[in-house]
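Written out below as structure tokens is the structure these notes cover.
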Amino acid sequence: MNPTATNGDSVDTKAAGKARPSAELIGTRVTEAIRELILSGELAPGSKISQDALAARFGASRIPIREALSRLENDGLVVMEPNRGAWVAKLDLHECLEIYKIRERLEPLALSEAVANITDAEIDFLEALVIEMTQTEDTDTFLRLDREFHLASYRAAGMQQLGSMVERFWNSTQHYRRAFTKLLGNEGNWIIHAEHKLMIDALRRRDAEGAAQLLHEHIRRTRFELQKHQELFLSDGPDTAAGR
């Protein structure tokens with residue numbers, strides 16, 4: 001006799017229901033792990049992604065790998081082509097400068113909208129990130145803190161669509177920010193730290209216009225510097241299989 005639950009659901013159905021959250025958890029874990037491989041630069045822009053290698057690395061089937069890559073494509077980190085596979089997204093100089101021009105408009109809007117809602121405690125948190133940034137000499141730590149600082153400063157705006165667009169642009173330019181930061185070196189970062197501190201001061205004054213203007217110039221200056229270093233876009237790594 002086929003055992004059933006008192007509500008008529010079979011044991012198999014109940015087991016499947018219990019397994020579903022586990023599958024979702026695996027999918028989330030794999031997605032975040034691949035995201036980190038890309039943002040950290042371990043998977044270089046333009047490199048072909050081996051789904052089999054990723055599946056072996058994470059002890060997963062190809063199904064959650066494909067689903068993860070599809071999510072990351074929506075985030076601007078991966079490019080997928082039917083019958084050809086997936087690649088880490090890559091920008092040329094023109095595309096990167098275009099994104100920075102868009103960021104110059106969008107992010108000051110997000111920051112100015114956040115000023116009215118941001119709390120003193122949130123500003124304290126942002127200031128702590130700024131202080132931590134000035135104290136690190138590690139490029140990846142600096143990039144992580146810088147990303148957290150800016151994205152956290154927009155959160156109080158409560159504009160989900162705008163936030164999603166901004167984060168996508170940050171994702172797609174991460175590699176070039178890393179290369180540019182290494183080019184500047186720790187000594188060249190002093191102006192970044194100074195601009196961050198000025199933004200904190202503007203937030204404490206609840207000066208939405210001042211904070212937005214500072215951020216506009218902050219992003220604009222980086223765009224001009226990137227434009228001077230076209231070599232950053234000529235060495236994105238080999239178009240070889242990734243996911244090792």
Checklist entry - Does NZ or CZ of R103 come closer than 6.0 Å to the centre of the six-membered ring of Y100, within 45° of the ring's axis? => result yes
Item to check | Sidechain-backbone polar pair: D75 side chain, L77 backbone, donor-acceptor under 3.5 Å | outcome: no
Checklist entry - Is a salt bridge present between R221 and E195, judged by a nitrogen-to-oxygen distance below 4.0 Å? => result yes
Checklist entry - Charged N to carboxylate O below 4.0 Å: is that the case for R204 and D124? => result yes
Checklist entry - Within the side chain of T136, is there an N or O that forms a donor-acceptor pair under 3.5 Å with the backbone of M133? => result no
Next on the checklist: Checking the side chain of T181 only, and the main-chain atoms of R177 only, is there a donor and an acceptor separated by less than 3.5 Å?
Outcome noted: yes
Checklist entry - Any link between L111 and L198 through a network of hydrophobic side chains (Ile, Leu, Val, Met, Phe, Trp, Tyr) touching at under 4.5 Å? => result yes
Checklist entry - Just wondering, more than 12 heavy atoms not from E137 lying within 6.0 Å of its CD? => result no
Next on the checklist: Does any part of the side chain of D146, heavy atoms only, come nearer than 4.5 Å to the side chain of W170, both counted from C-beta?
Outcome noted: yes
Checklist entry - Side chains of R147 and N171: do they bring a donor and an acceptor to under 3.5 Å? => result yes
Checklist entry - When the ring planes of H193 and F142 are compared, do they come out parallel, tilted or perpendicular, using 30° and 60° as the limits? => result perpendicular
Next on the checklist: Salt bridge or not between E32 and R35? Use side-chain N to carboxylate O under 4.0 Å.
Outcome noted: yes
Next on the checklist: Classify the ring geometry of H196 against H150: parallel below 30°, tilted from 30° to 60°, perpendicular beyond 60°.
Outcome noted: perpendicular
Checklist entry - Going by an N to O cut-off under 4.0 Å, is there a salt bridge joining R206 and D120? => result yes
Item to check | Basic-acidic side-chain contact under 4.0 Å: R220, E217 | outcome: yes
Next on the checklist: I need the minimum non-hydrogen distance between E122 and A156, along with the two atoms involved.
Outcome noted: OE1-CB, 4.3 Å
Checklist entry - Going only through I, L, V, M, F, W and Y residues with side-chain contacts under 4.5 Å, is there a path from I191 to L129? => result yes
Next on the checklist: Whether the side chain of E73 engages the backbone of M80 through a donor-acceptor N/O pair (distance < 3.5 Å, no angle test) should be reported.
Outcome noted: yes
